[in-house]
*Asks:* 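One structure, as structure tokens, below. Some questions next.
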Amino acid sequence: MVVERTFLLNNVLWGGIITNLNVRILDTFKHHLKQEIPAGFFGGALGGGIEALYLAINYGYLRTTLFSAGIFYYSLLGATVCALFSLVVSLILIPWRKDRELRDSGPIYFAATTTYLLLPTIAEFIFKRIVNASPKSFVGMMIITFSIFMIWSITFGLHWSFKALSKSLLGWKWRQTAFIGYLLALVLTAIGWVLIPPPKDDSQPIDPVYATLSGEKPNIILIVIDALRQDWLSPYGDKIIATPNIQRFADKSVLFTNAFSNCSWTKPSFASIFTSLYPTQHNVTTGRDKLNPKIVTLAETLRKMGYYTIGYYNNPHLRTSVSNFNLGFNHYEYLIPNTLYPMDQEAPKLRYSNFLNSIARRIVSKERVVSNFYQDAATTSQTLIDWLSHNGEKRFFLFVHYMDPHEPYFERPLTGRVVKIPKIFFSTKKLERVSKAYRGEIEFVDESLGKLFDYLEESGIQNNTLVILTADHGEEFYDHGGWSHGKTLFNEVIRVPFIVKLPHSERAGAVDSSLVQLIDVAPTAVRFVGGEIPSEWEGKDIFSGDKTIWSLSVLGNGRSLRNLAENLYLADEEIQGSGSPTHYYLIKDDPKEMLNLAADPAYFIRISELRDTLRFLESRLATKSVKPIEAEIQQSTKDRLKALGYAE
């Protein structure tokens, strides 16, 4: 009996304590929400507004869309963070305090939110513009500590001052005044958004007079697919991947089996395609190099022949502002990625944009996740079809760039997940997963190309059109101990598909094993339509019968000199990272370049001869070398390049 009474008493006692505790937690949480959510809301707005101002001044971006985004999205971010923190505090700390000890926490949370959002921007300004020290050094840590104290103190005092002034001058509560100020800021930036024109776009048309020209000369379509390996296509013997549309295209075309890029990453390769010059001549070899306007380009040559020249592309490295690849184009358009939430894509990216994007990716459709990085192949093909449906009667040169096989790889069918390339560690499981995703991207491009090919056939445009399909470089999947591209000059990254469909499908199904390079694209197109090849160009018309003996690929200080039988690869140790700087392969016996014969005495004399050939070739090429122009890369472009895996 005594035990039962004791048990009942304990239940009543503990039940009352727990009930009272739950009530106190709930009351405390409600009390703090009234203080902390508004504090976080307006603290976020202040932090976002100041960061937007810093970015606008730093990058010369005049549009007010940046301020709208900074104020609006950061206010929501601040309110959310403060609400979550309030819940944690209510559960852990506040219930153990007495009610009379509860104080106004608004200034604390306002200062904390603003400090958290502003510290990275202020630290960046200090260490880039004022103090020459590392943030990780003792001096740097002291500066950061002092910055935290100063931001906290100023914003804490600002909250109290604002609260007192709003009450004494207007008779309003500070939240009412702050909310009206917040709305006013959004309205003003929205007005500025409409009234202030956007920065000049890369796709501004020039010389519209050419739009009216037509004639009997063949049209030209140049299709370049980014990071597309030659040996992973069915026309080149791959038995796993399904590329029926590229196979169908190849069956009506001339298939070149020994085609090589002149570099293993995008920007130099495209410069060679457009100029018919080696990288050591056009010197567009880094992310900051722009094409010198003195160089004669493919588009410029065709435009002078009466062609309407138009280009669509998806890689930020091809943008006018960072490449000058628009030279000679009547219309040269970057298919700008979409945003996952309303935001001007051309604005410098706010510091917490990636965090907001990661949240948005879990909400929006899977297709929009892809278009956040680039416009996919389906959109790109539809863009071309739309243009051709209104302009197919013109005499045109149409360049199009597809991005999908380039990292990041998306699982197909779309799941919204990105398959990341392992940077160092290798495992069979990872290799299979990454390879499967890459193949899926190629198959998706093939499907989208099928729609373009169907339209060309149905409209009859293909009957009088030269179509060239190629890639700027390949992709490595641990073939030589690495991933991606732009690191070596082995076969997997510089051997590219090269398929040429002649008007009326002449020579359909022909296979040509002669040596060709990307610098041959421009001369082949110009000569085919009856033009004169500019004397400055290094490439050849691949249908002229003038055979290429040596192919030269360049990456940094690395060189690959090859013919149909052998390859001398003088690697740049800084780029390659490890291994012998000299490689010599017999291609016919070792097509995957696995047996390096450079240390074999039997080949010392031959390697010496090839070195002499390379020196002679480069000394001749140096006479046509042109200095590049340095580009100023906008922050928005840097952000996009980083998202696509470019370190620079």
*Asks:* Rounded to the nearest 0.5 Å, what separation is found between the CG atom of Asn314 and the NE2 atom of His406?
*Replies:* 11.5 Å
*Asks:* Between Ser560 and Asn567, does any side-chain donor sit less than 3.5 Å from a side-chain acceptor?
*Replies:* yes
*Asks:* When you check the gap from the basic side-chain N to the acidic O, do Glu457 and Arg248 get nearer than 4.0 Å?
*Replies:* yes
*Asks:* Only one of Phe270, Trp265, Tyr334 forms a ring-ring contact (aromatic ring centres under 6.0 Å, His included) with His317, so which one is it?
*Replies:* Trp265
*Asks:* Just one of Phe397, Tyr332, Phe399 clears the ring-ring contact (aromatic ring centres under 6.0 Å, His included) bar with Phe274, so which one?
*Replies:* Phe399
*Asks:* For Phe410 together with Phe373, are the ring centres under 6.0 Å from each other?
*Replies:* yes
*Asks:* Can you confirm whether or not the ring centre of Trp387 sits under 6.0 Å from the ring centre of Phe396?
*Replies:* yes
*Asks:* I need the single residue from Gln517, Lys624, Glu618 that forms a side-chain contact (heavy atoms from CB on, under 4.5 Å) with Tyr278. Which is it?
*Replies:* Gln517
*Asks:* So, using side chain to side chain contact (heavy atoms under 4.5 Å, CB included) as the criterion, who are the partners of Ala522 when residues are at least two apart?
*Replies:* Ser276, Leu298, Trp537
*Asks:* Can you list everything that forms a side chain to side chain contact (heavy atoms under 4.5 Å, CB included) with Asn463? Sequence neighbours excluded, please.
*Replies:* His504
*Asks:* How are the rings of Tyr438 and Phe477 set to each other: parallel, tilted or perpendicular (split at 30° and 60°)?
*Replies:* tilted
*Asks:* Under a 4.5 Å cut-off applied to non-hydrogen side-chain atoms, are Arg620 and Glu538 in contact?
*Replies:* yes
*Asks:* Cut-off 3.5 Å, side chains only: do Asp386 and Ser389 have a donor facing an acceptor?
*Replies:* no
*Asks:* side-chain contact (heavy atoms from CB on, under 4.5 Å), that's the test. Do Lys501 and Gln462 meet it? Break it down for me.
*Replies:* CA-CA 9 Å; Lys501 185 178 183 301; Gln462 72 160 2; 3.1 Å; yes
*Asks:* State plainly whether the residues Arg229 and Glu492 are in salt-bridge range, i.e. N to O under 4.0 Å.
*Replies:* no
*Asks:* Which residues pass the salt bridge (Lys or Arg N to Asp or Glu O under 4.0 Å) test with Glu300, not counting sequence neighbours?
*Replies:* Lys304
*Asks:* Asn258 and Ser513: side-chain donor and acceptor closer than 3.5 Å?
*Replies:* no
